[in-house]
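Below is one structure; the comments refer to it alone.
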Amino acid sequence: ISMKDYTRASETLERVFEDYPDAPWLDEMLLKWGVVNHRMGKREEAISKFRRVVEEYPGGNAAKTATKFLKRLGE
């Protein structure tokens, strides 16, 4: 993500979810995936990821940040 290679970052994040479906840090990875989608101009996909963070991981820092992104995106 820091290298701005968003396509590669998205592919990597997708593999993370396939390879580590029960990892305790998936909320942060899902949030990053939403950010990557947003930066790629994929608004609906970004919103979907941010909503998923809020729904599946409520109360955490990632959910709070995802809620801020959703508000910025008019959701």
Side-chain angles (χ1 to χ4, degrees):
I1 296 171
S2 64
M3 297 174 66
K4 297 185 179 171
D5 186 351
Y6 302 124
T7 300
R8 188 169 164 192
S10 182
E11 292 168 355
T12 300
L13 287 162
E14 186 172 356
R15 278 195 310 274
V16 165
F17 277 82
E18 291 172 5
D19 294 345
Y20 305 98
D22 298 322
W25 34 259
L26 287 182
D27 57 338
E28 292 294 331
M29 295 299 104
L30 192 56
L31 177 65
K32 288 180 183 196
W33 203 355
V35 170
V36 166
N37 282 319
H38 176 64
R39 290 184 180 171
M40 292 175 72
K42 297 180 177 181
R43 184 179 187 278
E44 294 304 316
E45 290 179 33
I47 289 170
S48 175
K49 300 289 189 261
F50 295 139
R51 283 185 180 154
R52 188 170 158 198
V53 172
V54 172
E55 292 170 8
E56 293 183 18
Y57 305 96
N61 287 332
K64 291 175 188 173
T65 303
T67 299
K68 290 177 185 176
F69 273 107
L70 287 168
K71 286 180 182 177
R72 280 191 231 157
L73 293 170
E75 293 295 310

Side chain to side chain contact (heavy atoms under 4.5 Å, CB included) between Tyr6 and Lys4: does it pass, once the steps are laid out?
CA-CA 5 Å; Tyr6 302 124; Lys4 297 185 179 171; 3.4 Å; yes

Rounded to the nearest 0.5 Å, the CG atom of Asp27 sits from the CZ atom of Arg52 at a distance of 11.0 Å

Compare every heavy atom of Pro58 with every heavy atom of Ala63, then report the nearest pair and how far apart it is.
CB-CA, 4.2 Å

Closest non-hydrogen atom pair, Val54 against Ala66
CG2-CB, 3.9 Å

For the pair His38 and Lys42, evaluate side chain to side chain contact (heavy atoms under 4.5 Å, CB included) and give the outcome as yes or no after the intermediate values.
CA-CA 5 Å; His38 176 64; Lys42 297 180 177 181; over 6 Å; no

Near Arg43 CZ, under 6.0 Å, is it more than 12 heavy atoms from other residues, nucleotides or ligands?
yes

With rounding to the nearest 0.5 Å, note down the distance linking CH2 in Trp33 to CZ in Phe50.
12.5 Å

Inspect the surroundings of OH in Tyr20 and state if more than 12 heavy atoms from other residues, nucleotides or ligands are less than 6.0 Å away.
no

Between Met3 and Met29, is there a shared hydrophobic cluster once you connect ILVMFWY residues whose side-chain heavy atoms come closer than 4.5 Å?
no

Mind checking the CD1-CZ spacing from Ile47 to Phe69? Nearest 0.5 Å is all I need.
12.0 Å

Do Asn37 and Lys49 touch side chain to side chain, with heavy atoms closer than 4.5 Å?
yes

Taking all atoms of both residues into account, what is the closest heavy-atom pair of Gly34 and Ala46, and its distance?
O-CB, 3.4 Å

Below 4.5 Å, heavy atoms only, C-beta onward: do Leu26 and Tyr57 meet side chain to side chain?
yes

Min side-chain heavy-atom separation Leu30-Leu13 under 4.5 Å
no

To the nearest 0.5 Å, atom CD of Glu44 lies from atom CG of Leu73 at 9.0 Å

Between CD on residue Glu56 and CZ on residue Arg51, distance to nearest 0.5 Å
13.5 Å

I need the minimum non-hydrogen distance between Ser10 and Met40, along with the two atoms involved.
CB-SD, 4.4 Å

Spacing of Ser48 atom OG and Glu75 atom CD [to the nearest 0.5 Å]:
10.5 Å

